[in-house]
Amino acid sequence: MPFDPDFSGDIHAAPLPSLSPDGAWQTALSHSCREHLLIWITRGQGRICLNGGQRGFGPHSAIFIPAGTLWSAEFSRQCLGQVLIMTGPLMPPLPESPCHKRFTSLQAQAGLTTLFEAISREQAGQGPFWRRAVQAYCELAAISLRRQLDADGRPARQTAAQRLCQAYCQCVAGLQDHQATMADHAAALKVTPTHLTRVCKAETGKTAAALLTERQLHSARTLLIASDLPIRDIAARLGFGSAAYFTRFISQHTGRPPSALRKTARAKTQ
């Protein structure tokens, strides 16, 4: 598609560590983002849990995560790469579903790396029509990804277990009802908590309860460092019965009370 003058979103290229400026928990805990992410791994390896499936990744891996997708990732210390952070509507021809693809062709690897570098240069220089150039380079990156995906042919059919785990992850990603328990989600999906737990553990390496807990913990820690809301208001927003219960939850999973986490995060920005 040609340049879209009506595109209302924003495209920003950044180094891989920008995904976790306040600590590895920002990517290691299951969560969803409001932005679309295209991650390009150039060195190192890791493991990603993406929309109900878990797999490892290595160098020259492209990972696309549409907004609202539940995901978590562990990046090794040697892991290097970049990420395109895109707000607004999904830009064609980016896929509508999350995906992970390793680029095996040296030409394709070099091509995608060049596009990321070009976006970074335009972003830094901000010359005439730089936003237009960034959008054009982003579209070329999307085409490169789609070509690699289309070369594989039709994706394999999902199993019943995969469909169930994906449906649960979509529920957890939305968190429309912050007070909903894992058992509540299992009932809505018409399965028993035991079956849901077994399926999630097999597909993601994490139990259904752990995925929900991680999502709540990520939301809580994000609100603590990114907002000025009183702790009692954060507790209420996330469905905790009291500020004391919220404090116990945070302390249990981080070893520190909410006030200490907030103080440490703010000290880093000063």
Side-chain angles (χ1 to χ4, degrees), residues 9 11-14 16 18-20 26-42 45-75 79 81-103 108 112 116 138-139 141-176 185 189 199-206 208 210-212 214-215 218-219:
I11 303 167
H12 178 75
L16 189 61
S18 68
L19 291 175
S20 52
Q26 290 182 295
T27 52
L29 294 176
S30 298
H31 67 290
S32 62
C33 299
R34 295 180 179 178
E35 305 84 9
H36 313 291
L37 305 177
L38 177 56
I39 301 172
W40 177 232
I41 303 297
T42 54
Q45 59 188 4
R47 196 152 197 86
I48 188 164
C49 183
L50 185 61
N51 199 32
Q54 179 184 223
R55 62 189 303 176
F57 61 81
H60 308 120
S61 292
I63 304 168
F64 180 62
I65 309 174
T69 301
L70 190 75
W71 71 283
S72 63
E74 297 177 5
F75 301 100
C79 209
Q82 290 184 294
V83 57
L84 284 183
I85 304 170
M86 298 163 278
T87 63
L90 187 66
M91 177 192 296
L94 286 168
E96 295 183 358
S97 302
C99 61
H100 163 222
K101 178 64 180 176
R102 183 174 183 272
F103 284 41
L112 191 54
F116 269 82
C138 183
E139 184 183 346
I143 291 172
S144 180
L145 175 60
R146 288 300 295 265
R147 284 177 173 172
Q148 296 295 314
L149 295 173
D150 293 346
D152 290 340
R154 291 186 177 183
R157 292 185 61 181
Q158 287 186 314
T159 65
Q162 289 171 331
R163 290 194 297 272
L164 174 59
C165 191
Q166 182 173 315
Y168 176 69
C169 286
Q170 290 171 348
C171 292
V172 173
L175 271 186
Q176 296 299 322
H185 289 303
L189 294 169
V199 166
C200 287
K201 182 67 174 179
E203 296 296 326
T204 70
K206 302 177 182 181
L211 289 168
L212 182 57
E214 286 189 10
R215 178 69 174 89
H218 193 284
S219 295

Decide yes or no on side chain to side chain contact (heavy atoms under 4.5 Å, CB included) for L84 and C138, but give the supporting numbers first. CA-CA 8 Å; L84 284 183; C138 183; 4.1 Å; yes
Please examine the side chains of N51 and Q170, heavy atoms only from C-beta on, and report whether any two atoms are closer than 4.5 Å. yes
What one should report as the nearest heavy-atom pair of R215 and L70 is CD-CD1, 3.9 Å
Just checking Q45: does its CD atom have more than 12 heavy atoms from other residues, nucleotides or ligands closer to it than 6.0 angstrom? no
What I'd like to find out is whether the side chain of I48 reaches to under 4.5 Å of the side chain of I39, using heavy atoms alone. no
Okay, side chain of R102, backbone of F57: is any donor-acceptor separation there less than 3.5 Å? no
Identify the two heavy atoms, one from L90 and one from E96, that lie closest to each other, and give their separation to 0.1 Å. CD2-CA, 3.7 Å
Shortest non-hydrogen contact from E203 to G52? CB-O, 3.5 Å
Please work out whether the ring planes of H185 and Y168 are parallel, tilted or perpendicular, with thresholds of 30° and 60°. perpendicular
Answer yes or no: does atom CD of E74 have more than 12 heavy-atom neighbours from other residues, nucleotides or ligands under 6.0 Å? no
Side chain proximity check, F103 to S144, heavy atoms < 4.5 angstrom: yes
Kindly compute the distance separating OG1 (T204) from CZ (R55), expressed to the nearest 0.5 Å. 15.0 Å
Atom pair CZ (R47) and OG (S72), whose distance is rounded to the nearest 0.5 Å: 10.5 Å
For residues P66 and S97, report the shortest heavy-atom separation together with the two atoms involved. CG-C, 3.8 Å
Less than 4.5 Å apart, side chain to side chain, heavy atoms only: is that true for I85 and I11? no
Closest approach of Q148 to A108 (non-hydrogen atoms, all atoms of both residues): NE2-CB, 3.5 Å
Taking the side chain as C-beta and beyond, is there a heavy-atom pair between E214 and K206 under 4.5 Å? yes
Taking the side chain as every heavy atom from C-beta outward, state whether T27 and W71 have any pair of such atoms under 4.5 Å apart. yes
About how many Å separate CD of Q82 and OG1 of T42, when rounded to the nearest 0.5 Å? 7.5 Å
C79 side chain reached by L16 side chain, heavy atoms, under 4.5 Å: yes
Apply side chain to side chain contact (heavy atoms under 4.5 Å, CB included) to residues M91 and M86 and explain how you reach the verdict. CA-CA 9 Å; M91 177 192 296; M86 298 163 278; 5.7 Å; no
Counting N and O atoms only, with roles assigned by atom type, does the side chain of H100 sit under 3.5 Å from a partner on the main chain of I63, one being a donor and the other an acceptor? no
So OG of S61 and CD1 of I41: to nearest 0.5 Å the spacing works out to 7.0 Å
Just verifying a value: how many Å separate C165 SG and L211 CG, rounded to the nearest 0.5 Å? 6.5 Å
Student check: side-chain heavy atoms of K101 and F64 closer than 4.5 Å: no
Closest non-hydrogen atom pair between F116 and L38, with its separation: CZ-O, 3.8 Å
Inter-residue atom distance L29.CG - H31.NE2, 0.5 Å rounding: 8.5 Å
